Amino acid sequence: HAALRQKNFTLFTQTLLTEVMPRVQSEYRVSMKREDRAIAGLSMGGGESLLTGLNNIKTFAWIGSFSGAGINPPFTQDFPSLNAKSAARLRLLWIACGTSDRYVTSTPLITANRQLVAWLQSNKIPVTFVQTPGMHEWPVWRNNLIHFAPLLFQKK
C-alpha cells in the first residue's frame with residue numbers, strides 16, 4: 001500500500017513537472033517565474049499538491065490543499081528537505097479541511113491535516129490552516145476556494 005502510494009505520487013509529480021508544465025509553456029505565453037506559479041488541489045489532489053509543491057519550492061511559491069488526502073506521519077519521509085529556511089520562500093501555504101471530515105484513508109482527514117499542520121508549525125514553517133464546519137464535500141471546498149483564490153499572486 002505505501003509503496004503504491006509513493007509510486008503514484010512520484011509519477012504525478014514527474015508528469016506535472018516534465019510533461020504538463022513544459023507543454024503549457026510551449027503552447028501559451030505564461031510566466032516562468034516561481035512567484036507566478038501556484039499548485040492546489042482537493043482530496044487526493046490536495047495531497048499531491050502538498051507533496052509536489054513542498055518538495056519543489058524552487059518551482060512553486062503558492063500551495064493550497066483542500067481536505068488533503070494521503071499525507072500521514074512521519075512527515076519527514078514525505079518532505080525530507082523541507083525546513084524553515086526553504087519554506088521562507090513560500091508566499092502562501094494554505095491547508096484547509098472540514099472539521100467533520102472523517103473520510104478515512106489510514107487516518108481521518110481532519111486528524112491527518114491537523115497532524116501535518118502541527119508538524120509544520122513545530123518546524124517553524126508558516127502555514128495558514130483553515131478548519132471549516134463540514135465534511136468531505138463540495139460546500140466546504142467552495143467556501144475555502146472563495147477565501148483562498150483572492151490571496152494568490154498578491155504582492156507582499
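Just so it is clear, the model here is predicted, and its values are computed rather than measured.
For T132, the side-chain hydrogen bond (donor to acceptor under 3.5 Å, both in side chains) partners two or more places apart in sequence, or in a different chain, are N144. Under the salt bridge (charged side-chain N to carboxylate O under 4.0 Å, His left out) criterion, R23 pairs with E27, not counting sequence neighbours. Under the rule for a side-chain hydrogen bond (donor to acceptor under 3.5 Å, both in side chains), the partners of S31 that lie at least two apart in sequence or sit in another chain are D36. In terms of the salt bridge (charged side-chain N to carboxylate O under 4.0 Å, His left out) criterion, E19 has no residue partners (sequence neighbours excluded). For the side-chain hydrogen bond (donor to acceptor under 3.5 Å, both in side chains) test, residues two or more places apart in sequence or in another chain that qualify with R5 are D78. Residues satisfying the ring pair (Phe, Tyr, Trp, His ring centres under 6.0 Å) criterion with F153, sequence neighbours excluded, are W62. For R114, there are no salt bridge (charged side-chain N to carboxylate O under 4.0 Å, His left out) partners two or more places apart in sequence or in a different chain. Partners of T10 according to the side-chain hydrogen bond (donor to acceptor under 3.5 Å, both in side chains) rule, which considers only residues two or more places apart in sequence or in another chain, are Q6.
Here F148 contributes atom CZ and L92 contributes atom CG; the two are 5.5 Å apart, rounded to the nearest 0.5 Å. In this structure, the separation between CD1 on I39 and CG on L50 is 9.0 Å, given to the nearest 0.5 Å. Put simply, CG on L11 and CG on L16 are 12.5 Å apart, with the number rounded to the nearest 0.5 Å. Put simply, CD1 on I146 and CH2 on W141 are 14.5 Å apart, with the number rounded to the nearest 0.5 Å.
Hydrophobic clustering (ILVMFWY, side-chain heavy atoms < 4.5 Å, transitive): I63 and L151 are in distinct clusters. In the hydrophobic cluster analysis, where Ile, Leu, Val, Met, Phe, Trp and Tyr join through side-chain heavy atoms closer than 4.5 angstrom, L51 is grouped together with F129. Linking Ile, Leu, Val, Met, Phe, Trp and Tyr residues whenever their side-chain heavy atoms come within less than 4.5 Å places L90 and I71 in a single cluster.
Nearest heavy atoms, N113 versus C97: ND2-SG, 3.9 Å. Between A69 and L109, the closest heavy-atom pair is CA-CD2, 3.7 Å. Closest heavy-atom contact between G53 and F60: CA-CD1, 4.1 Å. Scanning both residues, S67 and G98, for their nearest heavy atoms gives OG-N, 4.2 Å.
Listed by first and then second residue, the side-chain hydrogen bond (donor to acceptor under 3.5 Å, both in side chains) pairs that reach into residues 39-59 are T13-T52, S43-H136, N56-K58, sequence neighbours excluded. Applying the ring-ring contact (aromatic ring centres under 6.0 Å, His included) definition to pairs two or more places apart or across chains, those involving residues 70-90 are F75-W119. Residue pairs meeting the side-chain hydrogen bond (donor to acceptor under 3.5 Å, both in side chains) criterion with at least one partner in residues 86-96, sequence neighbours excluded, are N83-S86. Note on residues 25-49: no pairs pass ring-ring contact (aromatic ring centres under 6.0 Å, His included), not counting sequence neighbours.
Contact of the L54 side chain with the I125 side chain is not registered, since no non-hydrogen atoms from C-beta on lie closer than 4.5 Å. Using a 4.5 Å heavy-atom threshold, the side chains of V140 and D101 count as separate. Looking only at side-chain heavy atoms (C-beta outward), I95 and V130 stay at 4.5 Å or farther from each other.
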*Start with the C-alpha gap between L120 and L82, add the side-chain angles, then the distance that decides, and say whether side chain to side chain contact (heavy atoms under 4.5 Å, CB included) holds.*
CA-CA 9 Å; L120 292 166; L82 184 63; 3.9 Å; yes
*Check against side chain to side chain contact (heavy atoms under 4.5 Å, CB included), V127 and L116*: CA-CA 10 Å; V127 58; L116 174 60; over 6 Å; no
*How far apart are the C-alpha atoms of V30 and M21, what are their side-chain angles, what is the distance that settles it, and do they pass the side chain to side chain contact (heavy atoms under 4.5 Å, CB included) test?*
CA-CA 10 Å; V30 295; M21 288 177 62; over 6 Å; no
*Report the C-alpha distance between T128 and L93 in whole Å, list the side-chain angles of each, state the deciding distance to 0.1 Å, and finish with yes or no for side chain to side chain contact (heavy atoms under 4.5 Å, CB included).*
CA-CA 6 Å; T128 299; L93 172 55; over 6 Å; no
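No more than 12 heavy atoms of other residues, nucleotides or ligands shown are found within 6.0 angstrom of CE on M135.
Side-chain atoms of Q154 come within 3.5 Å of backbone N or O of P150 as a donor-acceptor pair.
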